[in-house]
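All ligand and atom numbering here is 1-based and tracks the order in the structure. Small disclaimer: the values here were computed from a predicted structure and weren't measured.
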Amino acid sequence: MSKRKSVLTRDIVSQAVKQSFIKLDPRIMLRNPVMFVVEAGFLITVFLLFVPDAFGVSVSTGFNISVALILLFTLLFANFAEALAEGRGKAQADSLKKTKKEIMANKITGQGVKQVPSTELRKGDVVVVIQGEMIPGDGEVIEGLASVDESAITGESAPVIKEAGGDFSSVTGGTKVISDRIKVRITSDPGESFLDRMISLVEGAKRQKTPNEIALNTVLVSLTIIFLLVVITLPFYADYLGIQLQVPVLIALLVCLIPTTIGGLLSAIGIAGMDRVTQFNVLAMSGKAVEASGDINTIILDKTGTITYGNRMASEFVPVGNYSAQEVGVWAAVSSVQDETPEGRSVLELLNKQGLSFPQSVAEGADFIEFKAETRMSGVDLKDGRKVRKGAVDAVKMWVADQGGVIPSGLQENSNAIATAGGTPLAVAVDQTIYGLIYLKDTVKPGMRERFDQMRKMGIKTIMCTGDNPLTAATIAAEAGVDAFIAESKPEDKIAVIRREQAEGKLVAMTGDGTNDAPALAQADVGIAMNSGTVAAKEAANMVDLDSDPSKIIEVVSIGKQLLMTRGALTTFSIANDIAKYFAIIPAMFMVAIPEMKVLNIMGLHSPMSAILSALIFNAIIIPLLIPLAMKGVAYKPMSSSRLLSRNLLVYGLGGIIAPFIGIKLIDLLVQFMV
Ligand SMILES: Nc1ncnc2c1ncn2[C@@H]1O[C@H](COP(=O)(O)OP(=O)(O)OP(=O)(O)O)[C@@H](O)[C@H]1O
Ligand SMILES: [K+]
Ligand SMILES: [Mg+2]
């Protein structure tokens, strides 16, 4: 699996520094209410520099300047965190934009082929792309077969085969045809292509806060309001005690108490999570999908093209009854003359390879019966009235029985033998007669078992859903090591499985590549389409795996969990921190008037002023210190969520209480020489 590198270049860092200042604009800051309160505090302290006694008692100019400066840096640090996270995406977007050149397309019109700029192509247009040319837009191959270099998009240099019909028909604009010639129907209007979406995604242009983020933000804002009320009413109590509290001191107290650490890092955590998914060559259409993947309980996978390579190839014609392999081959081929699926074409290839053929006149003028996931059959209705079908054995059996035909002995036995070997048997029939079977072979992608074992450790159940027969399904399920499988499932059955799991309160992920998977991909909480798959599958999904490696869902789930954990850990840390600051500042504020407060000065800080400044400085520098953690995410190992939770509470809760005691004390040791 390829991993995109995402490094912090000097350019990204210097851009982020610039952005930190631009983001000081109060209109931008308003989006983050916690930091907006800090900015208001900063502006008030600046104002007090010019009008020191505006609110009565004043503080020393030195103290006032210090508070103002520390608040400014608190804001800059928070902005820097966000800008840094955004910067990586922007850099990626820039390199993608280079891929997006305007090229000439060979558009098929009423008057033949016409050269038009790719930007003029609309949904539904048909173009021809030949060897050496760039594919001018996203689309579906409707004729032909070609190998395509998709490295511009996937980073993977090995060419991939794209062909009409079946699950490998989608092509992406900006990729290059390196052999043969294909006809492509364009499926997206200008500005809405895959590349366009990818650019705006990594740029974060369309980034919306996720429901989780909004909920956490609400909590943070509520906390801020509570502390604001506390700090505003404090002077009245102090007055009652005969103590005069200065405004910069109150602002310092407020800023220390409100959750600035998590408030400053929250959006960076979200952006970095999306970025980490992209580094694994998975495009997440929303942050919500990334988060949801962190809570996934069940994963539904389709078999062909997802767990297996999906190049189901005819490898043998197996006769039943008194028929010969040659007869099976000929009728199988007749049923496949117009079948554009890889299965269909492989039947014709096998017949060719065996040196056999059939008179072309037989199929002339025949009506083509396209393969459908619902019928699980394909074939032709010949001009002379005979109907030829091939398809899933149970489907063909039913079709033959419906016409009053008999099921030959030996059919089940032979089909079972193919299925137990992991192959897919297709029965071949003409009207009431079943001639035999086509043996379709497919291979399980390597490393699946280990990956499914890992998912089990994460507490995730894996279910393989396939349109194939129960025996083949059982063999492949055992070989790949999934927890359960469902065979002979139609598109609606895949949805039903997902709904059933969801009804039990589970969060469900689905991976698939076919058009028949599209409804299920849309129904799932997290739908991951293989990039090799059809346009419909990719459009229904909320993630696309550019490497078409279904086991990568492990990385996606890990990143999702990491994202949720990082946010939880830093929230715990942030709030636990405030407790220590409380001990630093409150005694300091009242110590002069109430000497008994001294017992609370457990940190033995130098003076009230140094205590307040030290707490405020700690509050500011903890933000940049935690940026690496926010960007990289807290370490994640597969284990149960309850163990994870208790471990996190211990590390970040306890750490959050202890760290500031040490930090503030150390800073105080330095600050005492300055005040
Ligand atoms: N071109 C074809 N003509 C006739 N029958 C086919 C053809 N392709 C597949 N079948 C039969 O239809 C069944 C369902 O195929 P389909 O591609 O819908 O499976 P699926 O639901 O996507 O499951 P999976 O991809 O997991 O195997 C196959 O198992 C096979 O028996
Ligand atoms: K704080
Ligand atoms: Mg499929």
Student: So for ligand 1, is D339 a polar contact partner (N or O within less than 3.5 Å, distance only)?
Tutor: yes
Student: State the atoms of ligand 1, each with its element, that fall below the 4.0 Å cut-off from a heavy-atom position in R312.
Tutor: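 Every atom of ligand 1 under 4.0 Å from some heavy atom of R312: 9 (C), 15 (O), 17 (O), 27 (O), 28 (C), 29 (O).
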Student: Consider only side-chain N and O atoms of K538 and S170, and report whether a donor and an acceptor are under 3.5 Å apart.
Tutor: yes
Student: In terms of atom number and element, which parts of ligand 1 are under 4.0 angstrom from non-hydrogen atoms of A392?
Tutor: 31 (O)
Student: Which atoms of ligand 1 are found less than 4.0 Å from any heavy atom of G391?
Tutor: 4 (C), 5 (N)
Student: Among residues at least two apart in sequence or on other chains, which ones pass salt bridge (charged side-chain N to carboxylate O under 4.0 Å, His left out) with E340?
Tutor: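 Once residues adjacent in sequence are excluded, the partners of E340 under the salt bridge (charged side-chain N to carboxylate O under 4.0 Å, His left out) criterion are R345.
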Student: In terms of relative ring orientation, are F573 and Y652 parallel, tilted or perpendicular, with 30° and 60° separating the classes?
Tutor: perpendicular
Student: Does ligand 1 come near enough to N516 that some N or O of the ligand is less than 3.5 Å from an N or O of the residue?
Tutor: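 Yes; the residue has a nitrogen or oxygen that sits under 3.5 Å from a nitrogen or oxygen of the ligand.
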Student: Out of A332, G467, P425, who gets a non-hydrogen atom closest to atom 19 (O) of ligand 1?
Tutor: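 Looking at heavy atoms only, the winner is G467.
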Student: Measure T304 to ligand 1 on non-hydrogen atoms and call it side chain, backbone, both or neither using the 4.0 Å cut-off.
Tutor: both
Student: Where the closest heavy atom to atom 11 (C) of ligand 1 is concerned, which of T466, L426, I307 has it?
Tutor: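 Closest candidate by heavy-atom distance is L426.
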Student: Any donor-acceptor pair under 3.5 Å linking the side chain of E82 with the backbone of A78?
Tutor: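 Side chain of E82 to backbone of A78, a donor-acceptor pair under 3.5 Å: no, none is there.
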Student: Is it true that the NZ or CZ of K665 lies under 6.0 Å from the centre of F661's six-membered ring and within 45 degrees of the ring axis?
Tutor: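 Ring-cation test returns no.
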Student: So is C465 in contact with ligand 1, going by heavy-atom distances below 4.0 Å?
Tutor: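 It does, in that a heavy atom of C465 comes within the 4.0 Å cut-off of ligand 1.
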Student: Check whether T475 reaches the backbone of T420 with its side chain - one donor and one acceptor, N or O, closer than 3.5 Å.
Tutor: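 Checked: pair present.
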Student: Is any side-chain heavy atom of P425 closer than 4.5 Å to a side-chain heavy atom of T472?
Tutor: yes
Student: Say whether M464 and ligand 1 are in contact under the criterion: heavy-atom distance to a ligand atom below 4.0 Å.
Tutor: no
Student: Nearest to atom 29 (O) of ligand 1 by heavy atom, V393, D468, I369: which?
Tutor: D468
Student: Rounded to the nearest 0.5 Å, what's the gap from CZ on F317 to OH on Y435? Could you check?
Tutor: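 If I round to the nearest 0.5 Å, the distance is 15.0 Å.
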Student: For the CZ atom on F73, are there more than 12 heavy atoms of other groups (residues, nucleotides or ligands in this structure) within a distance under 6.0 Å?
Tutor: no
Student: Checking only N/O/S atoms, does T261 have one that is under 3.4 Å from the K ion (ligand 2)?
Tutor: no
Student: Is there any N or O on T424 that sits under 3.5 Å from an N or O of ligand 1?
Tutor: no
Student: If the cut-off is 4.0 Å to any non-hydrogen atom of D302, which atoms of ligand 1 fall inside it?
Tutor: 22 (O), 24 (P), 25 (O), 26 (O)
Student: Where's the contact between P491 and ligand 1, heavy-atom distance under 4.0 Å: side chain, backbone, both or neither?
Tutor: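 It is neither; nothing of P491 touches ligand 1.
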Student: Regarding P259, does it place an N, O or S atom less than 3.4 Å from the K ion (ligand 2)?
Tutor: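 No - counting backbone and side chain alike, P259 has no N, O or S atom under 3.4 Å.
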Student: Would you say the side chains of N619 and T260 form a donor-acceptor pair under 3.5 Å?
Tutor: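 Result is yes, a qualifying pair exists.
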Student: Does K494 come within less than 4.0 angstrom of ligand 1, counting non-hydrogen atoms of the residue?
Tutor: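 For ligand 1, residue contact (heavy atoms, under 4.0 Å) with K494 is present.
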Student: Nearest 10°: the angle subtended at the K ion (ligand 2) by V255 O and N619 OD1?
Tutor: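 An angle of 90° at the metal.
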Student: Would you mind listing which atoms of ligand 1 come within a distance below 4.0 Å of any non-hydrogen atom of T341?
Tutor: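 Heavy-atom distances to T341 below 4.0 Å select 1 (N).
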Student: If we only count heavy atoms from C-beta on, is the T462 to L301 side-chain gap below 4.5 Å?
Tutor: yes
Student: Can a salt bridge be assigned to the pair D545 and K552 using a cut-off of 4.0 Å between side-chain N and carboxylate O?
Tutor: yes
